[in-house]
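Some notes on the structure that comes next.
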Amino acid sequence: MAPVRLRNVTKKFGQNVVLQDIDLEVNDREFMVLVGPSGCGKSTLLRLIAGLEEVSDGSIYLGDRQINHLPPKVRDIAMVFQSYALYPHMTVYDNIAFGLRRQRSQKLSLFTKLAWFAAANQKRRAEIDSRVQQVAESLQISHLLSRKPKDLSGGQKQRVALGRAIARNPQVFLMDEPLSNLDAQLRSDTRSQIVQLQKRLQVTTIYVTHDQVEAMTMGDRIVVLNKGDIQQVDTPLNIYRKPANQFVAGFMGSPPMNFLPVSIDQDGNLSGEGILKAISLDQISLPKADRDFILGFRPEDLQPSNADYADIEGTVELVEALGSETIVLLKVNNGGNDMEIRARVSADVGLEQHWQIGDRSFWKLDLNKLYAFDASSGKTLHFPYH
Ligand SMILES: Nc1ncnc2c1ncn2[C@@H]1O[C@H](COP(=O)(O)OP(=O)(O)O)[C@@H](O)[C@H]1O
Ligand SMILES: [Mg+2]
């Protein structure tokens, strides 16, 4: 177990800068989730830590040891891939034992000089066997040990891949979208099992996903990555409530936060023909100057209202009844431009309202939950939490 530190890590493929000056500190025993859209550099970052790619610049530490010049097998790091990467010709038992046997053969060169080689060998074999049995039991795959990967379901393969990583007792686990080949139910079950396993084993873990629900539910902390740049590192709740910028605000949350470009005049009032014209901006602490910014609000902070008290009027474009809640897609007019925003209400409210596509509908916005972002940099200017 050890902390992982990245200092000014840059990775280029030819001229293409995939990761730029990454500084990151993952604490000992922490479950860190790395989340971001496809192609933002998540797998590359893990592969650099594992030693499957070389850094172009910067350094990587495991505890006090700089590891970025070391070959992968001596880094004491285990990686689980989306594709499982099991050896197809080996049984589950041998797949799990594989890494342990490699550890043995490195040590054997010392032992061979000794007369008790045979005894040591036998002892080691018994140790490996007991380790494999123990790991298989903890993942509930003992009954699969003699099967080959082709005779396993996706979920079972995934457990074997985890087992192989755990067996070696590494200082760090790296997991690259390990659940993305599983169906929804299995994914959600396995998600909680991985978290429980990590808490039990207390191994520093970096878990990559493009799925913000996985990130929110699994991580002690989350790193949000976009285009090779770290946007924010924080706890799930802070990432959700206090996003550092518009990218993070829009990426975390489903449906995502609504954004409306607006301008304020010198008196601090909204100018133009925005849908929120009637709103006083006393609630949000913005510099009172002529400027453009982006107003943000989450779908759950809209509630249906009577026309007289409404902050927002829109045309219903789509109603999605999801069982426990209902998502309403609205077309609104913001300063002459048609825009879409989403509202999320409880299923009961959805039923009471029985919206039809094309209906005019009226909404109250929780003005204590407004966000504001700089229109050019995207930086958060205001969030509604202290
Ligand atoms: N071996 C490689 N050679 C060239 N470009 C690569 C290589 N591996 C990844 N890339 C590029 O690096 C970027 C980030 O890829 P990746 O780390 O796989 O993203 P993610 O895992 O977030 O989807 C992509 O633009 C990808 O095309
Ligand atoms: Mg990837």
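Both counts, for ligands and for their atoms, begin at 1 and track the order of listing. In this text, all values refer to a predicted model and were calculated from it rather than measured experimentally. All values below were derived from every heavy atom in this structure, side-chain atoms included, with hydrogens, water molecules and symmetry-related copies excluded.
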Legend entry - Pair Arg131 + Glu127: basic N to acidic O under 4.0 Å: no

Legend entry - Shortest heavy-atom approach to atom 23 (O) of ligand 1 - which of Gly39, Gly14, Cys40, Pro37: Gly39

Inset, instruction - Go through the side-chain N and O atoms of Tyr93 and Asp129 and say whether any donor and acceptor fall under 3.5 Å apart. - result: yes

Inset, instruction - Could you tell me whether Asp234 and Arg221 have a side-chain N and a carboxylate O separated by less than 4.0 Å? - result: no

Legend entry - Electrostatic pair Asp94:Arg101 at N-O distance under 4.0 angstrom: yes

Inset, instruction - Decide whether Asn245 and Gln231 meet the rule of one side-chain donor and one side-chain acceptor closer than 3.5 Å. - result: yes

Legend entry - Protein non-hydrogen atom found under 4.0 Å from atom 27 (O) of ligand 1: no

Legend entry - Distance under 6.0 Å and angle within 45° of ring axis: Arg298 vs Tyr240: yes

Legend entry - Under 3.5 Å side-chain donor-acceptor pair for Asn68 and Gln66: yes

Inset, instruction - Determine, counting only non-hydrogen atoms of the protein, whether one lies under 4.0 angstrom from atom 2 (C) of ligand 1. - result: yes

Legend entry - ligand 1 N/O within reach of Gly41 N/O, cut-off under 3.5 Å: yes

Legend entry - Residue, atom name and distance, where the atom is the protein heavy atom closest to atom 9 (C) of ligand 1: Phe13 CE1, 3.6 Å

Legend entry - Derivation of the side-chain hydrogen bond (donor to acceptor under 3.5 Å, both in side chains) call for Asp183 and Gln185: CA-CA 6 Å; Asp183 62 49; Gln185 179 59 48; over 6 Å; no

Legend entry - Short N or O distance, Asn16 and ligand 1, threshold 3.5 Å exclusive: no

Inset, instruction - State whether the side chain of Lys157 and the backbone N or O of Ala85 hold a donor-acceptor pair below 3.5 Å, judged by distance alone. - result: no

Legend entry - Closest protein heavy atom to atom 15 (O) of ligand 1, given as residue, atom name and distance to 0.1 Å: Thr44 OG1, 3.8 Å

Inset, instruction - Please write down residue, atom name and distance for the protein heavy atom closest to atom 18 (O) of ligand 1. - result: Ser43 CB, 3.7 Å

Legend entry - Single-linkage hydrophobic cluster, 4.5 Å side-chain cutoff, Val160 and Leu201 together: yes

Inset, instruction - Would you kindly specify which portion of Val18 sits under 4.0 Å from ligand 1, judged on non-hydrogen atoms: side chain, backbone, both or neither? - result: side chain

Legend entry - Total protein N, O or S atoms, the Mg ion (ligand 2), separation less than 2.8 Å: 1

